[in-house]
Amino acid sequence: MDSLDPAGPIARRIDSLFWLTFWVAVAIFFVVEGAILVAAIFFRDRPKREEPKQTHGNPKLEVAWTVVPILILAALAVPTVKTVFDLTDTSGSEMTIEVIGHQWWFEYVYRAEGITTANVLVIPEDTQVALALTSDDVIHNFWVPRLNGKRYAVPGQVTTLLLQADDPGEYWGQCGEFCGLSHSLMRARVQVLTAAAFDQWVADQQLPAAEPAADSLAAHGLELFQTGLFTADDGVSYACTQCHVIAGVNDQTAQAAPNLTHFASRNVFAGASLDRTAENVARWLSNPPAIKPGSYMPNLNLSQEEITSLVAYLETLN
Ligand code: CUA
């Protein structure tokens with residue numbers, strides 16, 4: 001999470017603008033502080049020094065210290081405004097991905113490819129990607145510092161943010177707008193792949209969920225996912241399929257929670273705040289709001305046996 005370590009052309013544009021402004025500010029700092037030091041040292045009160053001639057106003061100086069800052073700011077405005085407009089120009093974008101903010105996780109929809117995923121945004125290297133951001137509930141803000149600045153995700157609106165990365169790798173992000181109890185745990189991960197690896201990823205994601213071997217622990221987990229009813233602390237019974245979709249298992253257009261079809265292909269979950277290890281998934285299932293305060297997934301009071309089966313099933317969803 002470092003804006004000063006840009007990993008793509010868009011972030012580099014912002015970084016160059018920052019350093020230009022920074023060095024102009026440094027020069028002004030030394031000129032102003034130097035003038036103060038010179039005045040304080042050479043014109044200080046000394047014994048036998050007569051009181052200097054008292055004056056009021058100096059039109060030439062006043063015009064100078066008004067006009068010079070105007071010129072400096074006007075000069076800086078040229079690259080600033082140009083950068084702002086260039087960074088909203090989507091004409092060079094090769095693909096569009098919809099980003100939907102939820103309390104507290106990001107959903108990614110690759111409309112053309114027919115893929116819905118969550119928490120980990122996968123993009124190809126050296127490709128300008130246009131994100132179409134919106135929100136399902138409150139205002140969120142999508143921010144991956146090494147790839148671009150921030151952009152609001154506003155309910156009922158679509159905002160655009162470009163991403164482009166030079167090299168394959170992992171880039172961390174964070175929701176940049178306070179959006180409720182677990183805002184700080186609303187993170188994002190961008191995974192950048194080579195073109196070939198990305199094509200393979202798309203092909204894999206388009207497949208329906210893997211089927212667990214008959215009579216296995218995972219098969220029992222699938223059964224729990226499909227038919228289990230679990231009573232939360234509020235006394236209401238919930239089924240996994242009310243909120244989660246696994247392609248090939250249950251079909252549902254409205255998704256209140258992350259699509260789990262290829263859950264095990266992602267290296268993080270729970271708003272990208274936890275590494276996807278069997279231990280962490282078990283910990284999450286045992287009491288989600290204890291990990292993410294306010295989580296819409298309630299504590300379903302699952303038994304240890306149910307948790308073990310569900311974890312085994314989720315692990316097969318690669
Ligand atoms: Cu979403 Cu903060």
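Just so it is clear, the model here is predicted, and its values are computed rather than measured. Counting from 1, the numbers follow the sequence of the chain as shown. Order of listing sets the numbers, starting from 1, for every ligand and every atom in it.
- For F18 and W23, the distance between ring centers is not under 6.0 angstrom.
- The shortest side-chain heavy-atom distance between L317 and T261 does not fall under the 4.5 Å cut-off.
- Around atom 2 (Cu) of ligand 1, the protein N, O or S atoms closer than 2.8 Å are C175 SG, E177 O, C179 SG, H183 ND1, listed by chain and residue number.
- With hydrophobic clusters built from ILVMFWY side chains whose heavy atoms lie under 4.5 angstrom apart, M186 does not share a cluster with V109.
- The cluster map of Ile, Leu, Val, Met, Phe, Trp and Tyr, joined by side-chain heavy atoms under 4.5 Å apart, puts L222 and L207 in different clusters.
- No donor-acceptor contact under 3.5 angstrom links the side chains of R151 and T160, judged on distance only.
- Remark: the T116 side chain and the E107 side chain contain no N/O donor-acceptor pair separated by less than 3.5 Å.
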